Amino acid sequence: AIAVFVAARADGRAGPAEGAVVASSAQDAKEKAAPKFVTIDLQAWANQALKEGPGEHRGNNLAQLPRGEQTFEGTVFRVDEKMIHLRGQHAADWPEKVKGIKVGSTFHQLRMLHANQQGVENLTEIGRYVIHYTDGTEVRIPLVFGENIANWFSWPAERKRGAAATAAVVAWNGKNDASDLNPGLELHLYSTSWKNPHPEKKVDTIDFVSRNTLCDPFLVALTLETK
C-alpha cells in the first residue's frame, strides 16, 4: 500500500499535494488498464529467414519488415530474423507441423502475427494452433481462411470488397520486389487475438499445424497478454 499525504491550507482549499494525488491516481489507473505483453522467442523453432521468404522466387520476401520489438495495432511483437513456415500444396518442402514452442506461462490472450500464401474458399480451415497446458489438457485454435488468417498478397480489388480476415486486423503492410512489379499489390501480415478460456492454467507449449491445403501458413511472432 502507498500512503499519500495531502498538505492542508488555512482557507480550506486543496493544497498543491492534492493535484499531485489526482494526477498520480490517473496515471496508476492508466497503467493498470494497459495490457502487459510478453513476447515469445520463436527462433529455436523457426525454419525460414524473412529475407528469403515466404515466397519461392527471389525477392518475394519479408525483408522490409522491421526487426526487434515492434508495436503493430496496439500489440508488441518481437520480430526476429526467421519465421516458422508450414507446408501447403504449393509449398510441399516445408514441415506439416512445428511442435513444442515453449511458453511456460499463464496468460489471458494470445496474439499471433501471421498470414499464408495462396488462397482457398473463405471459411476453409487451413491449419491450427494447439495449446498444451501443464496439466495435460489442450485447446485447439482453428486457422480459418478469411476469418482469422488470410493471404499475405492483398490486391486492390480484394481490398474494395472489405476485410480479408473478418476476425483479424492488418498489423503491417509493406512491399517487396514482387509487389513492385504489380501495381496496387500490398503485403499484409495479420494480428489475431485468441482469448484463453483457462487463464488460471499455465501453458507449457504451443504447436503450429498445417492441414496441407492450397495455403501454406507462416508465423512471424507470438505475444502473450498477461493482463
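Since we're looking at a predicted model, the values are computed, not measured.
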Atom pair CD (Gln64) and NZ (Lys175), whose distance is rounded to the nearest 0.5 Å: 9.5 Å

Sole residue of Arg111, Lys195, Lys36 in side-chain hydrogen bond (donor to acceptor under 3.5 Å, both in side chains) with Glu225: Arg111

Heavy-atom side-chain proximity of Leu62 to Trp172 below 4.5 angstrom: yes

Gln117/Asp216 under side-chain hydrogen bond (donor to acceptor under 3.5 Å, both in side chains): CA gap, chis, key distance, verdict: CA-CA 5 Å; Gln117 291 200 110; Asp216 44 297; 2.8 Å; yes

His114 vs Leu143 side-chain heavy atoms within contact, under 4.5 Å: yes

Atom pair CD1/CG of Ile141 and Asp207 - distance to nearest 0.5 Å: 11.0 Å

Closest heavy-atom pair and its distance - Asn151, Tyr190: O-OH, 3.4 Å

Closest heavy-atom pair and its distance - Arg128, Val130: NE-CG2, 3.9 Å

Rounded distance (nearest 0.5 Å) linking atom CD of Gln48 with atom CG of Leu86: 11.0 Å

Backbone of Val203 reached by a side-chain donor or acceptor of Thr134 within 3.5 Å: no

Met112 reachable from Val170 in the ILVMFWY side-chain graph, under 4.5 Å edges: no

Common cluster, Ile149/Val169, ILVMFWY with side-chain heavy-atom separation under 4.5 Å: no

pair Phe77-Leu222: side-chain heavy atoms closer than 4.5 Å: no

Minimum side-chain heavy-atom gap Asn176-Ser179 below 4.5 Å: yes

Short side-chain to backbone donor-acceptor contact, Gln43 and Lys82, under 3.5 Å: yes

Exam field: side chain His108 to backbone Pro35, donor-acceptor pair closer than 3.5 Å: no

Separation between CZ of Arg87 and CG of Asn212, rounded to the nearest 0.5 Å: 6.0 Å

Ionic contact status for Glu158 with Lys160, cut-off 4.0 Å: no

Could you tabulate the donor-acceptor pairs under 3.5 Å formed by side-chain atoms of residues 90-103, not counting sequence neighbours?
{"residue": "Trp94", "atom": "NE1", "partner": "His85", "partner atom": "ND1", "Å": "3.4"}
{"residue": "Lys102", "atom": "NZ", "partner": "Asp204", "partner atom": "OD1", "Å": "2.4"}

Backbone of Lys51 reached by a side-chain donor or acceptor of Asn61 within 3.5 Å: yes

Worked check of side-chain hydrogen bond (donor to acceptor under 3.5 Å, both in side chains) between Tyr133 and Asn196: CA-CA 11 Å; Tyr133 297 95; Asn196 187 358; 2.6 Å; yes

Side-chain heavy atoms of Phe37 within contact of Thr75, under 4.5 Å: yes

Gln89, CD atom: more than 12 neighbouring heavy atoms under 6.0 Å: yes

Check: Phe153 and Leu185 side chains under 4.5 Å, non-hydrogen atoms: yes

Atom pair CD (Glu200) and OG1 (Thr106), whose distance is rounded to the nearest 0.5 Å: 9.0 Å

Nearest non-hydrogen partners of Ser210 and Pro217, listed with the distance: OG-CD, 4.0 Å

All pairs passing salt bridge (charged side-chain N to carboxylate O under 4.0 Å, His left out) where residues 63-78 contributes a residue, at least two apart: Asp41-Arg78, Arg67-Glu81, Arg78-Asp80

Student check: side-chain heavy atoms of Leu65 and Phe72 closer than 4.5 Å: yes

Verdict with reasoning, Asn60 to Asp177, per side-chain hydrogen bond (donor to acceptor under 3.5 Å, both in side chains): CA-CA 6 Å; Asn60 192 14; Asp177 291 350; over 6 Å; no

side-chain contact (heavy atoms from CB on, under 4.5 Å) between Asn148 and Trp194, worked out: CA-CA 10 Å; Asn148 58 8; Trp194 175 75; over 6 Å; no

Ile40 CD1 to Leu110 CG distance, which is reported to the nearest 0.5 Å: 8.5 Å

Cluster check Val220, Val76: I/L/V/M/F/W/Y, side chain < 4.5 angstrom: no

Side chains of Leu224 and Ser105 in contact at under 4.5 Å (non-hydrogen atoms): yes

Option from Asn122, Ile126, Thr166, Leu123 for which side chain to side chain contact (heavy atoms under 4.5 Å, CB included) with Val144 holds: Leu123

Any residue meeting ring pair (Phe, Tyr, Trp, His ring centres under 6.0 Å) with Phe208, in chain and number order, not counting sequence neighbours: Tyr129

Minimum heavy-atom distance between Trp152 and Ala115, given as atom pair plus value: CB-CB, 3.9 Å

